[in-house]
Q: 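Let me begin by handing over the structure; questions about it come next.
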Number of protein chains: 2
Amino acid sequence: MRYERKIPIPIECGLHLTKEVLGGKWKMSLINAIHAGIKRPARIEQAFPTLTKRVLSRQLKELEAHGIISKEIFPQLPPKVEYSLTPLGASLLPIIDMMDNWGNENRSFLEKVIEETRLMVEIGNHAH
Amino acid sequence: MRYERKIPIPIECGLHLTKEVLGGKWKMSLINAIHAGIKRPARIEQAFPTLTKRVLSRQLKELEAHGIISKEIFPQLPPKVEYSLTPLGASLLPIIDMMDNWGNENRSFLEKVIEETRLMVEIGNHAH
DNA sequence: CTGGATCCATTGTGATACTG
DNA sequence: CAGTATCACAATGGATCCAG
């Protein structure tokens with residue numbers, strides 16, 4: 001990711017610690033997928049067609065380094081790898097579920113306002 | 001923020017809708033602060049010394065556009081503004097609480113692995 | 001099949017000066 | 001006091017090629 005971070009994370013707050021772990025674009029989806037039994041990189045790629053290999057690799061690597069998932073390497077040719085949730089990773093599932101539910105419960109409203117926000121912000125600036 | 005987004009959000013999933021709303025660096029902290037009664041921009045600035053005015057303005061504006069907070073303008077000089085949570089915004093509080101708690105419960109471990117991850121990722125690349 | 005290397009595009013944030 | 005304009009840059013993601 002980076003050799004040395006220039007902008008520090010405000011870790012005084014638990015929120016920012018959790019955000020550092022779950023913040024990547026696909027990390028929560030990856031945790032869900034692994035929990036659902038989609039444990040091998042090739043299968044995860046199939047499950048998320050717009051997720052590229054590079055990003056997948058990096059986010060898995062970070063999740064592993066953060067102690068959220070563990071990696072089992074089968075010494076075969078071709079290589080085989082399986083990821084699993086650690087207990088710490090599993091303890092995130094309730095949070096992820098709540099977020100997924102909240103988004104789904106408010107889907108129609110959110111899709112509308114998110115779309116409107118695109119058109120709003122920084123356009124007013126052009127009409128100065 | 002931007003005129004037109006080039007990289008689409010995968011909104012098929014509720015997770016990404018929620019992430020779009022809560023994803024900004026300070027948004028969850030802002031929701032907490034407003035809920036705790038810190039409702040005016042100047043006071044929020046005091047509460048978060050490393051949060052700059054520009055970012056504060058933008059994230060408040062987006063939260064408002066997303067229907068999470070509402071803005072009351074008192075026609076005075078100097079101007080006075082107060083933000084409040086909408087019911088939709090208040091419905092996010094349990095999620096934010098869970099994330100805050102999870103981070104605090106695992107603080108010592110997380111601080112360690114987050115720090116280690118900095119040093120690990122992309123350094124192995126230099127030693128190729 | 002897994003995953004690193006390289007290069008580039010996009011998005012998000014920090015700093016400052018300024019206006020009403 | 002609240003908020004925008006402008007600039008610069010950090011952080012993250014995407015595309016492609018390559019190696020074991």
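The model shown is predicted, which means the values in this text are computed figures rather than measured ones. So you know, we letter chains A, B, ... as the sequences are listed, proteins then strands, and number each from 1.
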Q: Does A:D100 offer a backbone N or O that forms a donor-acceptor pair with the side chain of B:T18 under 3.5 Å?
A: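 Looks like no, no N/O pair under 3.5 Å.
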Q: When you check the phosphate oxygens OP1 and OP2 of D:dA2, does a side-chain N or O of B:Y83 lie under 4.0 Å from one of them?
A: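 So the side chain of B:Y83 is outside the cut-off, no N or O lying under 4.0 Å from OP1 or OP2 of D:dA2.
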Q: For a quick test of reading the model: is some side-chain N or O of A:K61 closer than 4.0 Å to OP1 or OP2 of C:dG4?
A: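 Yes.
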Q: Report the nucleotide, chosen from C:dG14, D:dC1, D:dA2, that has the shortest atom-to-atom distance to any side-chain atom of B:W26.
A: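 Side chain of B:W26 sits closest to C:dG14.
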Q: Roughly how bent is the helix from C:dC1-D:dG20 to C:dG20-D:dC1 end to end, in steps of 10 degrees, with each end axis from five pairs?
A: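 End axes: 40° apart.
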Q: Report the nucleotide, chosen from C:dT2, C:dC1, D:dA2, that has the shortest atom-to-atom distance to any side-chain atom of A:P78.
A: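 Nearest to the side-chain atoms of A:P78, counting from C-beta on, is C:dC1.
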Q: Quick one: A:K53 NZ to C:dG3 C1', roughly how many Å, whole number?
A: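 Between C1' of C:dG3 and NZ of A:K53: 7 Å.
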Q: Quick one: B:Q76 CD to D:dC1 C1', roughly how many Å, whole number?
A: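 To the nearest whole Å, that distance equals 10 Å.
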Q: To the side chain of B:T52, which of D:dG3, C:dG4, C:dG14 is closest?
A: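 Between D:dG3, C:dG4, C:dG14, the one nearest the side chain of B:T52 would be C:dG14.
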Q: Below the 4.0 Å mark, does C:dG3 have OP1 or OP2 next to a side-chain nitrogen or oxygen of A:K71?
A: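 Yes, A:K71 has a side-chain N/O under 4.0 Å of OP1/OP2 on C:dG3.
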Q: Rounding to a whole Å, what distance do you find between B:E64:CD and D:dG3:P?
A: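 After rounding, the reported distance stands at 9 Å.
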Q: Whole-Å distance between D:dG3 P and B:E72 CD?
A: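 After rounding, the reported distance stands at 13 Å.
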Q: Does B:N106 form a side-chain contact (heavy atoms from CB on, under 4.5 Å) with A:L17? I'd like the steps, not just the answer.
A: CA-CA 9 Å; B:N106 300 284; A:L17 290 170; over 6 Å; no
Q: What are the two closest non-hydrogen atoms of B:P94 and A:M98, and how far apart are they?
A: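 Distance-wise, the nearest heavy atoms are CB-CE, 3.7 Å.
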Q: Just to be sure I understand the rule, does B:P79 reach a base, reach only the sugar-phosphate, or reach nothing, if contact means heavy atoms closer than 4.0 Å?
A: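 Base contact.
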Q: Go through the steps to decide whether B:H66 and A:T117 satisfy the test side-chain contact (heavy atoms from CB on, under 4.5 Å), and finish with yes or no.
A: CA-CA 7 Å; B:H66 288 156; A:T117 302; 3.2 Å; yes
Q: Does the side chain of A:Q59 get closer than 4.0 angstrom to OP1 or OP2 of D:dG13 through an N or O atom?
A: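 Affirmative; the distance criterion is met.
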Q: To the nearest Å, give me how far apart CZ (A:R58) and P (C:dG4) are.
A: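 The distance from CZ of A:R58 to P of C:dG4 comes to 10 Å, rounded to the nearest Å.
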Q: With a 4.5 Å limit on heavy-atom distance, are the side chains of B:L22 and B:I68 in contact?
A: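 The answer is no, as the side chains (C-beta and beyond) never meet within the 4.5 Å cut-off.
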Q: Calculate the interatomic distance between B:H16 atom NE2 and D:dT12 atom P; express it in whole Å.
A: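 For the pair B:H16 NE2 and D:dT12 P, the rounded distance is 16 Å.
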Q: Closer than 4.0 Å, any side-chain N/O of A:K25 to the OP1 or OP2 of D:dG14?
A: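 Yes.
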Q: Confirm from the modelled atom types if B:R54 and D:dT6 form a donor-acceptor pair under 3.5 Å, side chain to base only.
A: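 By the distance-only test, yes, there is a pair.
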Q: What integer distance in Å separates B:E45:CD from C:dG14:C1'?
A: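 In whole Å, C:dG14 C1' lies 13 Å from B:E45 CD.
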Q: May I ask you to decide if B:W26's main-chain N or O and B:Q59's side chain share a donor-acceptor pair within less than 3.5 Å?
A: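 Yes, the answer is positive, given that a donor and an acceptor are paired below the 3.5 Å cut-off.
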Q: Starting at the 5' end of DNA chain C and moving along, which residue's nearest nucleotide shows up first, A:P41 or B:L51?
A: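 The residue mapped nearer the 5' terminus is A:P41.
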Q: Within 45° of the six-membered ring axis of A:Y83 and under 6.0 Å from that ring's centre, is NZ or CZ of A:K71 located there?
A: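 So A:K71 doesn't make the cation-pi contact.
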Q: Return the nearest nucleotide to the side chain of B:V55; candidates are C:dG3, C:dG14, D:dG3.
A: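 Looking only at heavy atoms from C-beta outward on B:V55, the closest nucleotide is C:dG14.
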Q: Should the pair B:E62-B:K27 be classified as a salt bridge under the 4.0 Å nitrogen-to-oxygen rule?
A: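 Salt bridge between B:E62 and B:K27, a charged N being under 4.0 Å from a carboxylate O: yes.
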Q: Write down the distance between CG (A:L30) and P (D:dG13), rounded to a whole number of angstrom.
A: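 It works out to 11 Å between those atoms.
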